[in-house]
Each structure stands twice: as structure tokens, then as C-alpha cells.
Amino acid sequence: QVQLVESGGGLVQAGGSLRLSCAAAGRTFSNYVMGWFRQAPGKEREFVATISVSGSRTYYADSVKGRFTVSRDNAKNTVYLQMNSLKPEDTAVYYCAASALYTTMARDYNYWGQGTQVTVSS
């Protein structure tokens with residue numbers, strides 16, 4: 001089992017920044033690919049970003065590319081999502097997740113956090 005806890009969400013004006021953190025406990029964090037997903041009201045959960053076990057590879061959804069940066073610190077068992085130039089359409093609950101696969105598919109992630117709300121006002 002891997003327990004994941006997100007933090008860092010909040011209310012921010014358009015154009016602002018937030019940094020989300022996801023702390024992991026349980027099985028070895030450094031064995032897992034980590035991903036970020038989000039779900040807006042009335043919409044399906046969508047992929048945001050993923051980072052490989054070592055952190056050497058990252059991949060982003062087109063909607064956030066150039067604005068969001070995913071990183072990880074395996075010594076601290078934590079993955080981050082730096083979000084810049086935020087837009088109202090970024091408003092959603094953001095989830096971190098752990099997978100054995102380097103993938104964008106939510107179904108391939110075995111462990112999920114409880115989510116943190118990000119609200120971007122116009």
C-alpha cells in the first residue's frame with residue numbers, strides 16, 4: 001500500500017501560481033511513477049502530468065504544457081506540481097497517484113490521494 005496526501009491547493013487569481021505537494025507513505029516511493037490528475041465539476045478526471053521513477057522523464061497534457069512543472073524528491077517521498085499562469089479553466093480538484101507504469105491513463109494508477117481543491121478566479 002502507498003498512502004498519498006496532497007496539499008497546497010487554494011484560491012488564486014488568474015495569472016497567479018500555486019505549488020501542490022503530494023507526500024507518500026508506505027511502500028517505497030521511489031519505485032513508483034507519479035502522476036497528477038484533475039477533475040472539474042461535471043467533468044471526467046483528466047491527466048495533467050507524470051514523472052518517471054528517477055525524475056528524468058516528464059510528460060504533460062497539452063492544456064498545461066509550458067505552465068505546469070512536475071518534479072519529485074525521492075529523499076522526501078514527495079512529488080510536486082508547480083502551476084504558473086493559472087487560468088479559470090484550471091479550476092478542479094487535483095489528485096496525485098502512483099503507478100508501476102509510465103502512463104497517462106488513470107486506470108493504470110493503483111494508488112490515489114484524496115485530492116486538493118484549486119480554484120482560479122477571473
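For V2 against A24, the heavy-atom pair with the smallest separation is CG1-CB, 4.3 Å. Of all heavy-atom pairs between S121 and L11, the closest is CB-CD1, 4.3 Å. The two atoms that bring T91 and V120 nearest to each other are OG1-N, 2.9 Å, heavy atoms only. Closest non-hydrogen pair, R38 versus S63, comes out as NH2-OG, 3.5 Å. Annotation for V118 and G9: closest pair CG2-CA, 4.1 Å, computed over non-hydrogen atoms. In this structure, E6 and G115 approach most closely via the heavy-atom pair OE1-N, 2.9 Å.
Side-chain atoms of Q117 and T119 include a donor-acceptor pair closer than 3.5 Å. Looking at N84 and S17, their side chains do bring a donor and an acceptor atom within 3.5 Å of each other. Side-chain atoms of N74 and S30 include no donor-acceptor pair closer than 3.5 Å.
There is no path of hydrophobic side-chain contacts, each under 4.5 Å, that joins V33 to L81. One hydrophobic cluster, built from ILVMFWY side chains closer than 4.5 Å, cannot hold both F47 and Y60; they sit in different ones. Y80 and W36 are not part of a single hydrophobic cluster, where members link through side-chain heavy atoms under 4.5 Å apart. Follow the hydrophobic side-chain contacts under 4.5 Å out from V70 and you never reach Y59; the two are in separate clusters. Under the 4.5 Å side-chain contact rule for hydrophobic residues, Y94 and Y111 share a cluster.
In this structure, the side chains of M34 and R72 come closer than 4.5 Å at one or more pairs of heavy atoms. Using a 4.5 Å cut-off on side-chain heavy atoms (C-beta onward), M83 and L20 make contact. You'll find the side chain of Y109 reaches within 4.5 Å of the side chain of W112, heavy atoms only. Y102 has its side chain within reach of R57: a pair of non-hydrogen atoms, C-beta onward, lies under 4.5 Å apart. Considering only heavy atoms from C-beta on, T50 stays 4.5 Å or farther from T58 through its side chain.
C96 SG to Q114 CD: the interatomic distance, rounded to the nearest 0.5 Å, is 7.5 Å.
Under the 4.0 Å criterion applied to side-chain N and carboxylate O atoms, D62 and K65 are assigned as salt-bridge partners.
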**Request:** Begin from the C-alpha positions of T78 and F29 and carry the test side-chain contact (heavy atoms from CB on, under 4.5 Å) through to its verdict.
**Result:** CA-CA 8 Å; T78 302; F29 172 77; 5.6 Å; no
**Request:** For S54 and S56, run side-chain hydrogen bond (donor to acceptor under 3.5 Å, both in side chains): C-alpha distance rounded to whole Å, both residues' side-chain angles, the deciding distance at 0.1 Å, then the answer.
**Result:** CA-CA 5 Å; S54 67; S56 61; 2.9 Å; yes
**Message:** What verdict does the side-chain contact (heavy atoms from CB on, under 4.5 Å) test give for L86 and F68, after you've listed the backbone C-alpha separation in whole Å, the side-chain angles of each residue and the deciding distance to 0.1 Å?
**Reply:** CA-CA 9 Å; L86 282 161; F68 290 11; 3.8 Å; yes
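Y95 has its ring centre no less than 6.0 Å from the ring centre of F37.
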